[in-house]
Structure formats: structure tokens, C-alpha cells
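Each remark here refers to the structure printed beneath this line.
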Protein chains: 2
Amino acid sequence: MSIRYALLGLLAKQPQTGYDLFHTFKTQQIYYWSSTHSQVYKELGKMEEEHLTTHDIVYQEGSPNKKVYTITPDGERHLIEWMIHTKSKPAKIKDEFLIKTSAFHVISKEEAISLLHRMKAHNEMVVTGTGQWKEQTFQGKKPGYEQVGEYLTAEYGIRYAQMYVDWCDWAIKEIQSLPENTES
Amino acid sequence: MSIRYALLGLLAKQPQTGYDLFHTFKTQQIYYWSSTHSQVYKELGKMEEEHLTTHDIVYQEGSPNKKVYTITPDGERHLIEWMIHTKSKPAKIKDEFLIKTSAFHVISKEEAISLLHRMKAHNEMVVTGTGQWKEQTFQGKKPGYEQVGEYLTAEYGIRYAQMYVDWCDWAIKEIQSLPENTES
DNA sequence: CATCCCATGTAAAAAGTTACATGATTTG
DNA sequence: CAAATCATGTAACTTTTTACATGGGATG
């Protein structure tokens, strides 16, 4: 029921195909939602039944034909209603790394630190990657109001990853300063 | 397949009931995983079949009897194997608020700012709440290695919420400095 | 006297993932 | 010539959520 709004939000920016939408989830700066192509196509079908979207078929030579979906006025009303009058559910996070962190006591300090180093490196890449995307897209300028969403969420992504990097650094130091348990 | 490790991680700290485990997910400083009681009970049943856990029944007067689950040596081996040799999948985040953010262009600046203020207030409460829990639990002292998990993840929770607060502040200022779109 | 806490479970529905299926064109 | 990209979909399966079900004791 909620991938729906993610799709409507993206379609409110511009008409797109299911393929485009899936790739936005997969590759773009959308670390705050995830999905698979099968789910995207399914939901697009449902939304069309409910008149929240329509599609036009674009015939292409060389590439397969595609269905470009457009949000309807009904769809946009639906989206705005949700945005303003529906209280956001708390974010659902499933972070395997933090589960591992919470069980660090069952492995050695060295192994824990090694895991943290890897995680730090990964998040450093995210900071760099998202930073580059933001720079390329906005070139140091402030966006127009139509692009404010991407602008704000890109910055969020950078801050989130940077927070993770800093926390990894801190955690490594903390662990190093602790005496290891001799029992167990 | 992954709630399993969250449960094993918690059971590796101390034997607990399904009820306890669910409440840890629901209320405790575990913003990095979420679940429901029905899923917890089901998974505990499965894990027992696979000899990763066992349970003892504690008979109580007044309250219902309870099943206290304990991780087995097999279960602990399973957990450690996963922690060290299984690469963590990237965190899956489903944050409705960021979907709303990404679609801010369909609502007014005032409404967007109002949503950000509410989100900021919520995260300020999280910072305070988690900070108090950490203070109560560790009282400014460093934990022993058996408690390192809670210590590190509590700090993570505080930093995460603080990052959200700071980002909200930044986003509010950014939006105020942008000219609103007159079209659409 | 209503609601919350303790405590455990099942059943049904919804959401999400993985695998199956197809097929031309482009890139290395 | 193998792999990746474009492009869409279905089927089977797994995971997750919501609702149903029960019931005593404590709290306001």
C-alpha cells in the first residue's frame, strides 16, 4: 500500500516507464525506499485500474516498445491527500550490520573492528557517489522548487552515510579502548 | 531468514521469552529492526525445530506461564558464522517521510515546512529518549565487552536521530530561501 | 469499568522477492 | 561471443502485517 506513494511521487515529477521507475529505486539516490521490477509493474497495473495513472505506448525501433505512465489529476490529489493528511509511519529499517553490531560480544574485538572498517569504507563510497551525483545534477546552484525533492533527499543521503562513517570511526576507537572479555 | 539472526543476537545476551523479544523490537532502542509478535513466535518455533534454541517453561501464578528461550551452542555457532562470513546485505529502509520529501514540489512551501517541523520534533524526542536510556544504562561509564553491542547501537540511534534533526533544520532554511513555483 | 500489561498462539491477507520467460541491440 | 542494457510481464515462494482468539490481574 505504500510503494504506491513512492511511485506516484516519482510520476508526479515526470511521466516514466516501469523500467525507469525500477531503476530509480535500484540505482538512483533512493536509499530510502527499495523495490523490485516485478512489484513495480504489478503496482502500476493496479493503479491504472484505480485511475491514478494512465499510460501511452511508445513504439520504438531497435528497443522494445514501452509504456510511459503518467499520473492523473486523481492520482495527484491522492498523493497530496496522503502527504498532508496521513501521518507518516515511523521508518522501517532493516539493517543487518547493526544486528551484527548488537551481537559483537560473541566475536573478538579484532573481528568486530574488521567488520567496522569494511562498513566504513562502504559508506565512504556512498558519500562520494551521492556527492558527485548532487554536484553533477545541481552544479553548486540551488534548485528550482520542482527539483527541491531530489535536492533535499540527496543531501539527506550524504548526511546519513557521513553519520555512518563517523560512527564507525568512533566505534572502532571505543572497542579498542575496552578490555576484551576473557570468559565465554 | 534474517529476523532469525536478530533473535539469535538478542538471545545470545540472555535467555528471554517471545514476549520480551517482541517488546525489545517494539520499544527498546532497536530502530534498526522491526517485527511483530506473530512473526517472533513463529520464528522461535522454527529455530527450535532446527535446534538453534531450546525453551524452559516457567510456571507463574497470577500471570500466564511463559516459555523462556535459550540459544544453543549450535545456535551460537550459526550466529557467529553469519556474523563473520556472510556479507551484510545493504540496509533496507522504508521511510515514508523521505518519500513525502521527494514529492514536496506538489505541495506548498508552507505545508512542506510544517511537515519538516513535525518530523524535527519527533526526532528531538528520540534523541532525548535514547540519550536518557543510555545514561541510565551506562551512567557515563564504558560498558564491559558483553554490553558493547547495546552501547554502540544506542550511540548510533542518537546520532541517527540527531542527523535527522539537523537535516530538518537545514531543509527548512533551504526551502525558505527558494522561490515558490507559480506554475502548476 | 475501561484500558493496559502480561503471555502465546493461529489464520488470512498483503507485500515483497526470486525465478522463469522472451528477445533485440549494444558494449567490451 | 559473453555480458550488459533495454523492456515487460507471470508464477511461485517467502516474508511481513493485520486480525482473530483467549484470559487473568493491575491501573486509573
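So that the names make sense, note that chain A is the first sequence line, chain B the second, and so on, each numbered from 1. Computed over heavy atoms, backbone and side chain alike; hydrogens, waters and symmetry mates excluded. Every value quoted in this text rests on a predicted model; they were computed, and no experiment measured them.
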Quiz item: Looking across every strand, which nucleic acid part, if any, lies under 4.0 Å from Lys42(B) by heavy atom: base, sugar-phosphate, or nothing?
Solution: base
Whole-Å distance, Leu7(B) CG to dT15(D) P, equals 13 Å
Here the distance between atom P of dA7(D) and atom CG of Leu21(A), to the nearest Å, is 12 Å
Among the nucleotides dT16(D), dA15(C), dA7(C), whichever has the atom closest to the side chain of Tyr41(B) is dA7(C)
Considering only heavy side-chain atoms of Pro64(B), the closest of dA19(D), dC6(C), dG9(D) is dC6(C)
In whole angstroms, the gap separating P of dG16(C) from CD of Glu43(A) amounts to 9 Å
Of dG9(D), dT18(D), dG9(C), the nucleotide closest to the side chain of Tyr69(B) is dG9(C)
Return yes if a side-chain donor-acceptor contact under 3.5 Å exists between Lys94(A) and Ser2(B), otherwise no. no
Note to self: Check for me whether Lys134(B) meets the cation-pi criterion with Tyr151(B), that is, NZ or CZ under 6.0 Å from the six-membered ring centre and within 45 degrees of the ring axis.
What the structure shows: yes
Winner on side-chain proximity to Lys94(A), out of dT16(D), dT8(C), dT8(D), is dT16(D)
Does dT8(D) have OP1 or OP2 sitting under 4.0 Å from an N or O in the side chain of Thr17(A)? yes
Exercise for the section: Report whether Ile71(A) and Ile3(A) are members of the same hydrophobic cluster (ILVMFWY, side-chain heavy atoms less than 4.5 Å apart, transitive linking). Expected result: yes
Indicate whether OP1 or OP2 belonging to dT15(D) is found under 4.0 Å from a side-chain N or O atom of Gln39(B).
no
Using atom types as modelled and distance alone, determine if a side-chain donor or acceptor of Asp20(A) lies under 3.5 Å from a backbone N or O of Thr17(A). yes
Closest of dT17(D), dG9(C), dT10(D) to the Ser38(B) side chain is dT17(D)
Out of dT17(C), dT16(D), dC6(D), minimum distance to the side chain of Tyr19(A) belongs to dC6(D)
Q. Can you check whether Gln60(B) has a side-chain N or O nearer than 4.0 Å to OP1 or OP2 of dA7(C)?
A. yes
* Using 30° and 60° as the class limits, which term best fits the ring planes of Trp133(A) and Phe138(A): parallel, tilted or perpendicular? -> perpendicular
Lys26(A) NZ to dT18(C) C1', in whole Å, measures 14 Å
Quiz item: At under 4.0 Å, does any side-chain N or O of Lys92(A) touch on OP1 or OP2 of dT16(D)?
Solution: no
Between NE2 of His37(A) and P of dA11(D) the distance, given in whole Å, is 13 Å
Contact class for Ser35(A) vs. all strands (heavy atom < 4.0 Å): base, sugar-phosphate, or nothing? sugar-phosphate
| task | Give Lys89(B) one of three labels, base, sugar-phosphate or nothing, depending on what nucleic acid heavy atoms sit under 4.0 Å from its own. | result | nothing
